[in-house]
Amino acid sequence: MTEEEKHRQSELLTQRLISNPKYQASKQVSLYLSFSNEVATEGILRHIFQSGKRVFIPRYVGDKMDMLRLLSQEDYDSLPLTKWHIKQPPDDDNTREDALLTGGLDLIIMPGLGFTPEGHRIGRGKGYYDSYLKKCAVLPSGRPYTIALAFSEQMCDHIPVSEHDMTVDEVLFVEK
């Protein structure tokens, strides 16, 4: 995909997400911070801050993923880059609110490499989101609603799944 096409589809998907009733009703949102080959999330992050929602972002440490609170655009700007060239709170940052300890999440906006319209997803192979959703399921608030953002080129007719794979509730993508 060209950079222009990635930008075009990212803008369309940002608008679709912002107008989605599940997003509009959410108060505590988890948002992935995008790689260059994923649907860009910077516009969504700005909208979350402007709308007064609470945003939580992934922090990957070893084989575990936490969702930690991000307070503002300035807070985001100050985050260090990881070896994968994405921003995340440092491993030793123990000052941030953890979503699992603050009542859970209403919505998780998920990345991935490939998706089916039925919500099957292939990630990067570590099972971070599948494990995290299982942890959420035992909270009193239950499993949050999940929305994946996909370029049209990431949509597949079939993706092999196992009993460990969690289905995404909704996949937003641009029709070809």
For this session: Only counting residues at least two apart or in another chain, list the ones meeting ring-ring contact (aromatic ring centres under 6.0 Å, His included) with F35.
Result: none
Exercise. Who pairs with S30 by side chain to side chain contact (heavy atoms under 4.5 Å, CB included), at least two apart in sequence or on another chain?
Worked result: M67, L105, I108
For this session: State, yes or no, whether a side-chain contact exists between P144 and L133 at a heavy-atom distance under 4.5 Å.
Result: yes
Exercise. What do the steps show when you test Q24 against N20 for side chain to side chain donor-acceptor pair (under 3.5 Å), and what is the final call?
Worked result: CA-CA 6 Å; Q24 290 176 349; N20 184 293; over 6 Å; no
Seminar exercise, completed: From the list M166, M65, M110, side-chain contact (heavy atoms from CB on, under 4.5 Å) partner of Y132 resolves to M65
Problem set entry | Results of ring-ring contact (aromatic ring centres under 6.0 Å, His included) for F173 - residues two or more places apart only | none
Problem set entry | ILVMFWY network linking V61 to Y129, side-chain heavy atoms under 4.5 angstrom | no
Problem set entry | Spacing of CG belonging to N94 relative to CG belonging to L68, to within rounding of 0.5 Å | 9.0 Å
Exercise. Taking only residues at least two apart or on different chains, which pairs with a member in residues 53-79 satisfy ring-ring contact (aromatic ring centres under 6.0 Å, His included)?
Worked result: Y60-Y128
Problem set entry | Any residue meeting side chain to side chain contact (heavy atoms under 4.5 Å, CB included) with S72, in chain and number order, not counting sequence neighbours | E74, D75
Problem set entry | Listed partners of S141 passing side chain to side chain contact (heavy atoms under 4.5 Å, CB included), at least two apart | L139
For this session: Provide the full list of side-chain hydrogen bond (donor to acceptor under 3.5 Å, both in side chains) pairs with a residue in residues 98-119, sequence neighbours left out, each pair given once.
Result: T116-E118
Problem set entry | Considering all heavy atoms, the nearest E170-L172 contact | OE2-CD2, 3.6 Å
For this session: Could you tell me whether K87 atom NZ has more than 12 heavy atoms of other residues or ligands within 6.0 Å of it?
Result: yes
Exercise. Should D165 and I122 count as side-chain neighbours, where that means a heavy-atom distance under 4.5 Å?
Worked result: no
Seminar exercise, completed: Taken to the nearest 0.5 Å, the spacing of L107 CG from L31 CG works out to 9.0 Å
Problem set entry | S19 to R16 - nearest heavy-atom pair and separation | OG-O, 3.1 Å
For this session: Check whether more than 12 heavy atoms from other residues, nucleotides or ligands sit under 6.0 Å from atom NZ of K134, and answer yes or no.
Result: yes
Exercise. Are V39 and I18 in one and the same hydrophobic cluster, where Ile, Leu, Val, Met, Phe, Trp and Tyr link if side-chain heavy atoms are under 4.5 Å apart?
Worked result: yes
For this session: First locate atom CG of L79, then atom CD of Q88, and finally report the distance between them rounded to the nearest 0.5 Å.
Result: 8.5 Å
For this session: Determine yes or no for a side-chain-to-main-chain donor-acceptor pair under 3.5 angstrom, with R69 supplying the side chain and R96 the backbone.
Result: no
For this session: If a pair satisfies ring-ring contact (aromatic ring centres under 6.0 Å, His included) and one of its residues is in residues 103-125, list it, with sequence neighbours excluded.
Result: none
Problem set entry | Flag if over 12 foreign heavy atoms under 6.0 Å of CG, D77 | yes
Show me the side-chain donor-acceptor pairs of residues 149-163 shorter than 3.5 Å, one per line, residues at least two apart or across chains.
| unit_1 | atom_1 | unit_2 | atom_2 | d |
| --- | --- | --- | --- | --- |
| S152 | OG | Q9 | NE2 | 3.4 |
| E153 | OE1 | Q9 | NE2 | 3.2 |
| Q154 | OE1 | F151 | N | 2.8 |
| Q154 | NE2 | G112 | O | 2.9 |
| Q154 | NE2 | L113 | O | 3.4 |
| S162 | OG | H164 | N | 3.2 |

For this session: Please report the shortest heavy-atom distance between L33 and I86, naming the atom on each side.
Result: O-CG2, 3.9 Å
Exercise. Quick one: CD1 on I109 to OH on Y32, what's the gap to the nearest 0.5 Å?
Worked result: 8.5 Å
Exercise. Got a sec, which residues hit ring-ring contact (aromatic ring centres under 6.0 Å, His included) with Y23, two or more places apart in sequence or on another chain?
Worked result: H47
For this session: Please name all residues satisfying salt bridge (Lys or Arg N to Asp or Glu O under 4.0 Å) with K53, sequence neighbours left out, ordered by chain then number.
Result: none
For this session: Of all the heavy-atom pairs spanning P58 and P89, show the shortest one and how long it is.
Result: O-CD, 4.2 Å
For this session: Report the distance from atom CD1 of I48 to atom CD of Q28, rounding to the nearest 0.5 Å.
Result: 11.5 Å
For this session: State whether the side chain of R59 and the backbone N or O of D93 hold a donor-acceptor pair below 3.5 Å, judged by distance alone.
Result: yes
Exercise. Which residues satisfy the side chain to side chain contact (heavy atoms under 4.5 Å, CB included) test with T2, sequence neighbours excluded?
Worked result: E4, E5
Seminar exercise, completed: Between the CD atom in E11 and the NE2 atom in H7, the distance rounded to the nearest 0.5 Å is 4.0 Å
For this session: Taking only Lys NZ, Arg NE, NH1 and NH2, and the carboxylate oxygens of Asp or Glu, determine whether R54 and E97 approach each other closer than 4.0 Å.
Result: yes
Exercise. Given the rule that I, L, V, M, F, W and Y join up when any side-chain heavy atoms are under 4.5 Å apart, are I147 and L12 in one cluster?
Worked result: yes
For this session: List the steps, then state whether salt bridge (charged side-chain N to carboxylate O under 4.0 Å, His left out) holds for D169 with R143.
Result: CA-CA 11 Å; D169 294 311; R143 182 183 183 272; 3.2 Å; yes
